[in-house]
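Step one of this worksheet: look at the structure below.
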Amino acid sequence: MNQLLGAMVRMKHYVIVVSLYSQMELTRVSHNTYSLSILIDCFCKLGQMGCGFSVLGKMMKLGVEPNSRIAEALSLFHKMLEEGIQPHLHVYNTILNGLCKTKKVDAAGRFLCMMEDRGFEPNIIAYTAVIDCFCKNLSLKEALSLFSKLKEKRIRPNTITYSCLIKASLGLDQQQVAERLLDEMEDNKILLDVVTYGILVDWIGKKGSLDEAKNIMDTMRKRGIEPSTAGFRGYIKPNIVVYGMIIDALCKLRRFSDALNIIQKMRNQGIEPNVVIYNSLMRIMFLINKDFIAE
DNA sequence: CTAGGGTTAG
């Protein structure tokens, strides 16, 4: 769905996109960071700043920071061990997930080994979390080596495990690795799901062969899988690009103090303006100056 | 609420 909305924005059908959103609200298709960001972009380009602000406000309300104080969680965890309390497997996995999400690659790897040493045989969820972390922050090679290790232990990788590795392979243009993984899935009767298909469609789309992308979409539909925005588990909150769109629109309307206000809001969220935002601000100052000279 | 994707700004 978001791919479709993005395409319509590129074709400048802003009004249609906005009306699609009301339809999504009515049919209760869930929104996420992506869909709301695109909506804000449309309002900015239509000059409807009031509407843009109201969506931004909605995002900020929904985007309450998770308390990801992983260090505290870790020390609490070690205290449990010292006191002889055996944490359950899902406690291990929650901590491991926190380490992976905060990109603590080494710590995540060590934590996984610690689980093995303590006789807590990590399950496929634990391995998949670390494999994904390795893919994104270390190397495909390390991720693949962990992958063979879990297969040796007779732990069965699933669709999610394969999706992580396939995405990483394609990102590095290692098409033959991705093909091998896809063959392996087929041999083991592990089905592709909406996320796996999404990864393939995205990659083929970037390669430019739209026919092949269409083929994959057809296969999906034949199997009863519809593209959707569902399944999003993260927090909805504005990022620097969203703020950038709003600030640029305000600058074009010469609403300088409003733009500065937004920057203050960003800083309150711990996001510092980048070069794109400074460029927007500099242009408006240049324009104001020109008006001043003309008068 | 135990693991995976995509999107928009000068």
Side-chain angles (χ1 to χ4, degrees), chain A residues 1-10 14 17 31-45 52 55-56 59 66-68 87-101 108 112 122-136 143 150 155 157-168 170-171 181 192-203 205-206 227-236 238-252 259 262 266 271 273-284 286:
Chain A
M1 195 65 196
N2 284 331
Q3 284 98 333
L4 176 68
L5 292 171
M8 299 192 71
V9 170
R10 282 194 291 277
Y14 306 130
V17 175
H31 286 297
N32 58 28
T33 305
Y34 302 142
S35 60
L36 292 180
S37 302
I38 296 171
L39 183 60
I40 291 178
D41 182 43
C42 288
F43 280 132
C44 287
K45 284 173 177 157
V55 178
L56 181 68
M59 275 179 100
N67 33 330
S68 54
H88 288 289
L89 185 63
H90 58 263
V91 174
Y92 277 97
N93 280 346
T94 305
I95 301 252
L96 189 60
N97 188 24
L99 292 172
C100 292
K101 283 272 157 59
L112 191 73
N123 60 11
I124 187 58
I125 295 180
Y127 278 112
T128 303
V130 179
I131 285 178
D132 188 48
C133 182
F134 282 3
C135 283
K136 286 170 180 159
L150 73 89
I155 295 170
N158 59 24
T159 308
I160 300 181
T161 322
Y162 279 103
S163 298
C164 298
L165 290 166
I166 290 171
K167 177 180 153 50
L170 294 178
L181 290 163
L192 283 71
D193 69 5
V194 64
V195 174
T196 331
Y197 283 119
I199 292 167
L200 296 180
V201 170
D202 184 52
W203 182 73
K206 279 176 187 151
S228 81
T229 64
F232 184 80
R233 280 188 295 280
Y235 290 84
I236 301 179
N239 61 15
I240 192 152
V241 178
V242 174
Y243 285 116
M245 296 186 308
I246 295 207
I247 289 168
D248 190 58
L250 287 171
C251 287
K252 282 181 180 144
I262 296 288
M266 286 174 63
I271 303 173
N274 62 11
V275 61
V276 178
I277 289 174
Y278 279 115
N279 283 346
S280 297
L281 290 170
M282 269 158 44
R283 196 187 47 211
I284 185 191
F286 174 72

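Bear in mind that the values here come from a model prediction, so they are computed numbers and not experimental data. Throughout, a chain's letter reflects where its sequence line sits, starting with A, and its residues are numbered from 1.
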A:I125 atom CD1 is separated from B:dG4 atom C1', nearest whole Å, by 12 Å
Would you indicate which nucleotide in B:dG10, B:dA3, B:dG6 comes nearest to any side-chain atom of A:A129? B:dA3
Starting from P on B:dG6, measure out to CG on A:D202 and report it in whole angstrom. 6 Å
Roughly how many Å apart are B:dG5 and B:dC1, using the P atom of each and rounding to a whole number? 15 Å
Would you kindly give the CD1-to-P distance between A:I131 and B:dT2, to the nearest whole Å? 20 Å
Think A:K136 has a side-chain N or O under 4.0 angstrom from the OP1 or OP2 of B:dA3? no
Choose from B:dA9, B:dT2, B:dA3 the nucleotide whose nearest atom is closest to any side-chain atom of A:N274. B:dA9
Calculate the interatomic distance between A:L165 atom CG and B:dG5 atom P; express it in whole Å. 12 Å
Note, A:D132 side chain near A:C100 side chain (heavy atom, < 4.5 Å): no
Protein-nucleotide distance (A:I262, atom CD1; B:dA9, atom C1'), rounded to Å: 14 Å
With a 4.0 Å limit, can you tell me whether A:N97 has a side-chain N or O closer than that to the phosphate oxygens OP1/OP2 of B:dA3? yes
Between the base of B:dA3 and the side chain of A:N158, is there a donor-acceptor distance below 3.5 Å? yes
Once you apply a heavy-atom cut-off of 4.0 Å, does A:I240 come out as touching a base, just sugar-phosphate, or nothing? base
Ignoring hydrogens and angles, state whether a donor on the side chain of A:D193 or A:T196 is under 3.5 Å from an acceptor on the partner side chain. yes
Residue A:N123, side-chain heavy atoms: nucleotide from B:dT2, B:dG4, B:dT8 that is nearest: B:dT2
Checking B:dA3, B:dG10, B:dT2 against the side chain of A:D248 (C-beta onward), the nearest is B:dG10
B:dT8 C1' sits how many Å from A:I247 CD1, rounded? 14 Å
A:N239, nearest nucleotide to its side chain (from B:dT8, B:dG4, B:dG10): B:dT8
Candidates B:dT2, B:dG4, B:dA3 - which lies nearest the side chain of A:D193: B:dG4
How is A:V130 classified with respect to the nucleic acid when contacts are heavy atoms under 4.0 Å: base, sugar-phosphate, or nothing? nothing
Can you name the side chain to side chain contact (heavy atoms under 4.5 Å, CB included) partners of A:I125, sequence neighbours left out? A:N93, A:N123
Got a donor-acceptor pair under 3.5 Å from the side chain of A:S163 to the base of B:dG4? yes
Minimum-distance nucleotide to A:I199 side chain [options: B:dT2, B:dG5, B:dA9]: B:dG5
Considering only B:dA3, B:dG10, B:dT7, which nucleotide approaches the side chain of A:I160 most closely? B:dA3
Do the side chains of A:I199 and A:D202 get nearer than 4.5 Å, heavy atoms only? no
Does any non-hydrogen side-chain atom of A:Y127 lie less than 4.5 Å from one of A:T161? no
Nucleotide nearest A:V194 (side chain, heavy atoms from C-beta), chosen from B:dG4, B:dG5, B:dA9: B:dG5
Could you work out, with salt bridge (Lys or Arg N to Asp or Glu O under 4.0 Å) as the rule, every residue matching A:K252, not counting sequence neighbours? A:D248
Would you indicate which nucleotide in B:dT8, B:dA9, B:dA3 comes nearest to any side-chain atom of A:K101? B:dA3
Tell me: OH of A:Y127 to P of B:dT2, nearest whole Å? 20 Å
Does OP1 or OP2 of B:dG6 have a side-chain N or O of A:K167 closer than 4.0 Å? yes
